[in-house]
A.B. asks: 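One structure, as structure tokens, below. Some questions next.
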Amino acid sequence: LSGDNTEKKFTVLVIDNEPQVLNLCRKYLEGTEFDFQGAVEREDALRALEHVWVDIIVSDILMPENDGNQLIGK
């Protein structure tokens, strides 16, 4: 649209089994050009990916029931 000054925000999906890490990332990204999406479990991440276009994924690699490498490879 001509004259539209809305900027596209990039969406970041952070996957970590520790909620305090997700909260820290959420606070860090507030007020930036990034929209935050967080997931504690693999299923939460997959559900988010079904509903939101994600530009960047940041994942913990070593999680008790999940392997971040396998999730990213999905």
Side-chain angles (χ1 to χ4, degrees):
L1 294 171
S2 180
D4 187 3
N5 289 334
T6 58
E7 295 179 26
K8 183 201 182 309
K9 287 193 139 199
F10 297 97
T11 300
V12 178
L13 173 61
V14 179
I15 308 159
D16 197 297
N17 61 303
E18 297 183 34
Q20 57 271 37
V21 172
L22 295 178
N23 288 333
L24 180 65
C25 291
R26 176 182 287 118
K27 288 179 183 179
Y28 184 78
L29 293 173
E30 283 179 359
T32 69
E33 67 272 18
F34 299 101
D35 282 329
F36 174 85
Q37 293 287 318
V40 176
E41 298 180 3
R42 180 179 194 272
E43 292 75 23
D44 295 335
L46 293 175
R47 198 170 14 259
L49 290 169
E50 289 176 359
H51 299 287
V52 177
W53 176 262
V54 174
D55 299 291
I56 302 167
I57 297 175
V58 178
S59 179
D60 188 354
I61 298 299
L62 300 175
M63 296 183 279
E65 296 183 20
N66 301 301
D67 180 318
N69 286 324
Q70 290 175 340
L71 178 64
I72 299 300
K74 172 100 172 96

A.B. asks: What about Val40 and Tyr28, same hydrophobic cluster or not, with Ile/Leu/Val/Met/Phe/Trp/Tyr joined at side-chain heavy-atom distances under 4.5 Å?
C.D. replies: yes

A.B. asks: What side-chain donor-acceptor pairs closer than 3.5 Å can you find for residues 47-55, not counting sequence neighbours?
C.D. replies:
residue	atom	partner	partner atom	Å
Arg47	NH2	Asp44	OD1	2.8
Trp53	NE1	Asp55	OD1	3.0
Asp55	OD2	Lys8	NZ	3.3
Asp55	OD2	Thr11	N	2.9

A.B. asks: For Ala45 versus Leu13, what's the shortest heavy-atom pair and its separation?
C.D. replies: O-CD2, 4.1 Å

A.B. asks: Applying salt bridge (charged side-chain N to carboxylate O under 4.0 Å, His left out), which residue pairs with at least one partner in residues 24-35 are found, sequence neighbours left out?
C.D. replies: Lys9-Asp35

A.B. asks: State which residues pass side-chain contact (heavy atoms from CB on, under 4.5 Å) with Phe34; sequence neighbours excluded, sorted by chain then number.
C.D. replies: Phe10, Val12, Leu29, Thr32, Ile56

A.B. asks: Any chain of hydrophobic side-chain contacts (each under 4.5 Å) joining Val58 to Phe36?
C.D. replies: yes

